[in-house]
Amino acid sequence: MISIRGLRFRYGDRTVFDGLDMELGENAILTAPSGSGKTTLLKLIAGLLVPEAGAISGVPERIAFLFQEDRLLPWYSILKNAELVSDRAAASAMLEAVGLGDKLEARPGTLSGGERRRAALARALCAEADLLILDEPFKGLDPPLMEAMAALIRSRGVPYLAALHSEEETAALGGTAVRLKGDDSDDFS
Amino acid sequence: MKTSTTRHRLFRSLGAVAFWLAVWWAVSAAVGQPLILPGPPETARALAELSAGPAFWTTVGLTLLRIACGFLAGAAAGALLALGTAFSPLLSAVFSPVMRLVRSTPVASFIILALLWVAKAAIPALISAMLVAPVIWGGVSAALAGTDRELLEMARAYRFGRWKTLRSVYIPSAMPAFSASCLTAVGLAWKSGVAAEVLCQLRPSVGAELYYAKIYLETPRLFAWTAAVVVLSYLLEKFVAAVLRKGAGA
């Protein structure tokens with residue numbers, strides 16, 4: 001259980017959170033319109049941003065983060081990208097599982113947007129982690145691929161915290177949906 | 001299609017060379033005094049005579065060795081200093097002004113000072129290294145400062161640690177700038193290294209041969225040695241480019 005108390009965060013003059021309190025259980029899904037701070041909250045939870053005030057507790061040390069952008073290292077093959085967070089066998093197996101088994105040595109720049117997304121997802125899923133943080137994991141994927149990737153995430157058996165855009169995505173992944181507002185949150189599942 | 005483009009480019013380059021050779025020939029014919037401006041035939045004849053003897057190859061080989069050593073030392077020092085000044089405010093405070101100073105100081109000042117302090121034989125390599133290092137430092141420093149913030153954030157998210165981040169994010173990010181700086185620096189290494197050989201009158205060396213050719217008014221030989229330097233510089237640049245390309249592909 002991740003517990004957030006009195007969280008305050010600003011980007012320059014723009015206040016994103018001002019005293020946010022929230023509890024996030026296993027497999028929580030943050031839903032909210034664009035610009036309401038989902039990505040910022042995920043980064044605060046991962047320790048990538050430092051809050052002005054407040055506390056976040058219950059975050060495990062080992063996390064895997066799938067960013068909204070793919071953030072694959074362009075000078076390495078997708079296998080090498082995944083190997084940076086895992087061993088070769090696990091990296092290779094996960095890339096096979098996302099349907100990129102025949103493109104292990106391809107560099108990200110040579111892949112389509114959907115393939116890069118799956119490669120980034122494979123990297124997150126093969127990492128030794130106690131929490132998966134997934135920021136729009138299905139971005140750019142068509143519905144059948146989205147279903148397949150959602151099943152793969154669930155089958156990994158690692159608790160996840162995801163930010164999703166649509167109800168279809170939320171239904172596909174499954175979990176406790178939490179609506180995020182600027183200053184508060186409430187369960188709507 | 002690709003072959004025809006390559007062939008087209010080759011013809012264009014050869015055409016440009018032929019044009020400038022023709023200009024040179026025409027001007028030297030107009031001057032009419034090979035002692036002042038030898039034309040391409042006199043220069044080619046002098047180069048053929050020089051290259052027929054083993055002394056030419058020994059001289060060229062030693063100059064090449066000095067400049068290659070200077071270039072490698074300068075490139076290594078520049079790259080290491082760029083890493084140091086990028087990550088350590090203390091190293092940056094100490095070395096950044098020195099690099100800027102070295103970059104803007106006339107090469108002749110360094111050569112004359114080096115003549116007072118350093119063994120003659122080491123001066124060309126030292127001067128080449130001193131000219132190369134700031135160029136590499138400047139290029140690599142700018143590239144390190146411009147490393148993609150999103151990739152660095154990804155490295156933090158996956159707890160890469162300092163060495164892994166350096167090896168897998170910073171260094172590959174800086175490699176294109178390192179390669180470009182190396183190619184710029186090869187020419188500088190030749191210019192400064194040969195200038196140092198001229199001022200040191202170190203023998204055997206291409207620089208000393210240039211100096212004595214000028215002293216004895218052997219202008220065709222002066223042109224022949226200059227042509228040798230231009231060809232060697234070009235070949236070394238191509239060699240460095242091939243090595244860097246291979247390194248980038250590995």
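Every chain is numbered from 1, with letters handed out A, B, ... down the list of sequences. None of the values given here were measured: they were computed from a predicted structure.
Looking at A/R62, neither its backbone nor its side chain comes within 4.5 Å of chain B, counting heavy atoms on both sides. Of the two parts of A/A129, neither the backbone nor the side chain holds a non-hydrogen atom closer than 4.5 Å to a non-hydrogen atom of chain B. In this structure, chain B has a heavy atom under 4.5 Å from the side chain of A/F67, while its backbone stays farther away. Looking at B/R159, the atoms closer than 4.5 Å to chain A (heavy atoms on both sides) all sit in the side chain, from C-beta outward. With a 4.5 Å cut-off on non-hydrogen atoms, A/K43 touches chain B through its side chain but not through its backbone. For A/I133, no part lies near chain B; criterion is any non-hydrogen pair under 4.5 Å. Contact of A/A127 with chain B is made through the side chain alone, with heavy-atom distances under 4.5 Å.
Within a 6.0 Å radius of NZ in B/K191, other residues, nucleotides and ligands contribute 12 heavy atoms or fewer. Environment of CZ in A/R10: sparse, with no more than 12 heavy atoms of neighbouring residues, nucleotides or ligands closer than 6.0 Å.
Two residues are said to be in side-chain contact when any heavy atoms from C-beta on lie closer than 4.5 Å; A/L131 and A/I2 meet this criterion. Using a 4.5 Å heavy-atom threshold, the side chains of A/L73 and B/M154 count as touching.
Residues B/W225 and B/F56 place their aromatic rings such that the two centres sit under 6.0 Å apart.
Contact count versus chain A (heavy atoms, under 4.5 Å) is highest, among B/K164, B/M175, B/R156, for B/R156. Among B/A157, B/S168, B/A155, the residue with the largest count of heavy-atom pairs under 4.5 Å with chain A is B/S168.
Scanning all heavy atoms of the two residues, the minimum distance from A/L173 to A/Y160 falls at O-OH, 3.2 Å.
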